[in-house]
Amino acid sequence: MREIESKIIEDAVAEKLVKINIDLDSSMCASLQKSLENEQSPLGRELLNQLLENSKVAREERVPICQDTGIVVVFAKIGDRIRLKGKTLEEAINAGVSRGYTEGYLRKSMVADPIFQRKNTGDNTPAVIHTEIIPGEKLIIEVAAKGGGSENMSRLKMLKPADGPQGIVDFVCEVVEKAGPNPCPPLVIGVGVGGTMEKAALLSKKALFLPPDAQNPEPQMAAFEQEIMEAVNNLGVGPLGMGGRITALGVNLLTYPCHIASLPVAVNLNCHASRHGYIEL
Amino acid sequence: MLELKTPLCSADLEKLKAGDRVFLSGIIYTARDAAHRRLVQAIEEGKPLPFDLQGSVIFYVGPTPAPPGKPIGSAGPTTSGRMDTYTPLLLEKGVKAIIGKGKRSGTVREALSKFKGVYFVATGGAGALLSQRIKAAEVIAYEDLGPEAVHRLEVENFPLFVSNDMHGNDVFQQGTEKYRIPQRR
């Protein structure tokens with residue numbers, strides 16, 4: 001049995017959340033840089049250059065990339081030979097969120113009661129936490145600061161099996177087209193297919209934790225990711241929705257077996273400020 | 001590149017066309033979802049407003065807290081569509097321009113024509129870059145709303161695009177149509 005002090009989790013979460021909000025991930029910077037080569041719209045190129053300049057200013061001035069420093073989403077993998085000392089995992093993560101967002105001058109965007117009072121919780125807690133037990137003694141915590149603008153434009157649909165792959169392409173395109181400028185394209189698009197309603201949604205969120213240029217390990221799936229990406233980029237939405245070739249920087253597809261009657265499809269959009277971090281303790 | 005100074009008047013805005021770039025300087029006010037609800041409620045109840053709406057500019061933003069030594073943190077636009085229901089009344093009461101991101105409803109576009117206002121967009125997700133053009137910031141109302149409080153901002157050459165002019169043009173529609181490739185089947 002390995003014992004982990006909850007304070008270590010708290011510290012790591014706080015530090016990582018500040019870092020991902022200020023230092024745009026190198027895979028995102030590289031992806032934005034590469035998209036400049038393919039963007040035909042002069043205005044689109046100018047906007048992509050502004051986004052690169054923005055990431056540089058954020059890094060140098062130590063201010064967040066975007067004022068929406070997000071809702072914190074966590075995927076934690078907990079080794080079955082680990083015992084926590086001190087707080088529970090959930091308490092430790094939320095203590096890290098509270099400290100990171102307060103001491104790091106990040107925006108507090110969470111309201112306690114979503115329906116009536118909508119009162120700000122004041123420290124950006126609670127996080128949305130998903131856990132999974134894995135064999136061994138490792139504790140892996142993946143964190144995201146997920147912007148509200150792109151989350152609001154995400155959708156899920158229970159397709160018919162007869163809709164097939166084209167139905168999936170069409171649905172992703174419908175989501176991206178309807179979203180237009182709102183989710184701050186160029187986007188990273190997480191597509192979850194299969195399982196049940198909630199499983200598809202969870203897969204689409206997990207897919208956003210992969211680098212924008214990640215490829216599904218199965219060749220047929222990887223080719224399908226490309227097909228979706230091409231269809232999306234043909235929509236003409238472009239950087240910030242003002243027209244152009246680059247609407248998506250990447251499409252990440254995750255799948256799960258499903259019922260003979262079902263074809264659940266979830267599309268989770270992420271803005272160009274895709275902020276994710278990996279912690280291994 | 002056009003330069004504008006607040007307060008704005010209809011004559012300043014009449015010549016603007018969707019797609020134009022504008023540098024805005026002067027005083028602008030922040031308001032987003034919850035502040036809009038309060039502003040509109042105050043107007044309906046005939047109560048005093050936190051700032052003079054005549055010729056004013058509203059920026060849809062909830063900035064991050066100012067780190068030591070800076071007037072403000074990251075400060076880029078939020079999605080404007082959420083404020084669509086409140087906007088026509090504010091334009092009617094004298095607001096001349098709005099800064100946000102994303103499309104507006106048909107009702108807002110009509111109100112822009114009717115009350116001779118303009119809708120600008122700033123680059124979404126470029127909050128660090130935009131914050132460099134904000135020289136001073138002060139909370140003037142609804143402090144309990146945290147990031148949604150109304151701030152008075154002093155901006156210098158704040159970089160904007162005209163999204164919807166008062167003549168009915170829309171930059172998003174124009175841009176998307178130009179670069180769309182019909183889907184192959």
Side-chain angles (χ1 to χ4, degrees), chain A residues 21-22 40-41 43-44 47 50-51 53-59 61-69 102 104-109 118-120 122 147-149 152-153 166 169-170 173 177 179-185 231 233-245 271-273, chain B residues 18-19 21 30 32-34 37 61-70 72-82 100-103 121-132 144-149 159 161 163 170-185:
Chain A
N21 268 297
I22 292 175
Q40 293 164 10
S41 153
L43 176 55
L47 291 166
Q50 272 190 28
L51 298 180
E53 175 69 16
N54 182 64
S55 67
K56 194 169 152 242
V57 170
R59 200 181 302 274
E61 298 287 325
R62 307 313 292 164
V63 292
I65 303 156
C66 176
Q67 76 290 338
D68 183 358
T69 49
T102 306
Y105 298 95
L106 305 181
R107 197 179 80 184
K108 290 80 181 170
S109 309
R118 291 189 67 85
K119 190 175 164 18
N120 198 301
N152 280 349
M153 296 294 120
Q166 190 60 51
V169 174
D170 289 348
C173 285
E177 189 165 37
N182 290 3
C184 285
N233 283 335
N234 284 345
L235 292 171
V237 173
L240 279 315
M242 292 167 87
R245 279 279 84 81
C271 59
H272 55 74
Chain B
R21 286 138 213 249
T30 76
R32 45 174 294 156
D33 311 64
R37 194 155 48 182
V61 60
T64 62
K70 291 192 182 351
I72 198 164
S74 194
T78 192
T79 306
S80 305
R82 295 196 313 272
K101 71 173 171 89
K103 292 178 193 169
V121 290
T123 304
L129 195 61
L130 291 167
S131 73
Q132 295 200 310
D144 60 300
L145 294 179
E148 296 201 70
F161 295 93
S163 168
D170 181 314
V171 76
F172 298 112
Q173 198 187 336
Q174 289 171 359
T176 303
E177 275 169 13
K178 191 168 174 193
Y179 290 96
R180 172 196 295 278
I181 297 172
Q183 301 286 359
R184 277 173 296 176
R185 282 293 168 90

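Owing to the predicted nature of the structure, the values given are computational and were not obtained by experimental measurement. Below, each value reflects all heavy atoms present in this structure, side chains not excepted, and no hydrogens, waters or symmetry copies.
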Report which part of [X] has an atom under 4.5 Å of a heavy atom belonging to chain B: side chain, backbone, both, or neither.
X: L106(A); result: backbone
X: N21(A); result: neither
X: A58(A); result: both

Distance (rounded to the nearest 0.5 Å) between [X] [atom1] and [Y] [atom2]:
X: D144(B); Y: K119(A); atom1: CG; atom2: NZ; result: 7.5 Å
X: L240(A); Y: K101(B); atom1: CG; atom2: NZ; result: 8.0 Å
X: I65(A); Y: L129(B); atom1: CD1; atom2: CG; result: 12.5 Å

Over 12 non-hydrogen atoms of neighbours within 6.0 angstrom of CZ in R62(A):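 Enclosed: over 12 neighbouring heavy atoms sit under 6.0 Å from CZ of R62(A).
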Pick from [options]: which one has the most heavy-atom pairs with chain A under 4.5 Å?
options: A128(B), G73(B), P77(B), G127(B); result: A128(B)
options: S131(B), G19(B), P68(B), A34(B); result: P68(B)
options: G102(B), A126(B), S163(B); result: A126(B)

Validation row: [X], [Y] side chains within 4.5 angstrom (heavy atoms):
X: R245(A); Y: I181(B); answer: yes
X: M242(A); Y: T176(B); answer: no
X: N120(A); Y: E148(B); answer: no
X: T64(B); Y: T69(A); answer: yes
X: R180(B); Y: N234(A); answer: no

Between N54(A) and Q132(B), is the side-chain contact (heavy atoms from CB on, under 4.5 Å) condition met? List the steps. CA-CA 10 Å; N54(A) 182 64; Q132(B) 295 200 310; over 6 Å; no
Count the heavy-atom pairs under 4.5 Å between each of E53(A), H272(A), K56(A) and chain B, then report the option with the highest count. H272(A)
Between V169(A), N152(A), L235(A), which has the largest tally of heavy atom pairs under 4.5 Å with chain B? L235(A)
If you take all heavy atoms of S41(A) and Y179(B), which pair is closest and at what distance? CA-OH, 3.1 Å
Which pair of heavy atoms, one from C184(A) and one from G125(B), lies closest together, and at what distance? SG-N, 4.2 Å
Where the side chain of R107(A) meets the backbone of G62(B), is there a donor-acceptor pair that is under 3.5 Å apart? yes
Taking atom types as modelled, find out whether Q50(A) and T123(B) have a side-chain donor-acceptor pair closer than 3.5 angstrom. yes
Just to verify, what does R118(A) make a salt bridge (Lys or Arg N to Asp or Glu O under 4.0 Å) with, not counting sequence neighbours? none
Answer with side chain, backbone, both or neither: which region of [X] has an atom nearer than 4.5 Å to a non-hydrogen atom of chain A?
X: A66(B); answer: backbone
X: K178(B); answer: neither
X: E177(B); answer: neither

Going through the checks in order, is the side-chain contact (heavy atoms from CB on, under 4.5 Å) test met by F172(B) and N182(A)? CA-CA 11 Å; F172(B) 298 112; N182(A) 290 3; over 6 Å; no
Of P63(B), P67(B), P65(B), S74(B), which meets side chain to side chain contact (heavy atoms under 4.5 Å, CB included) against P64(A)? S74(B)
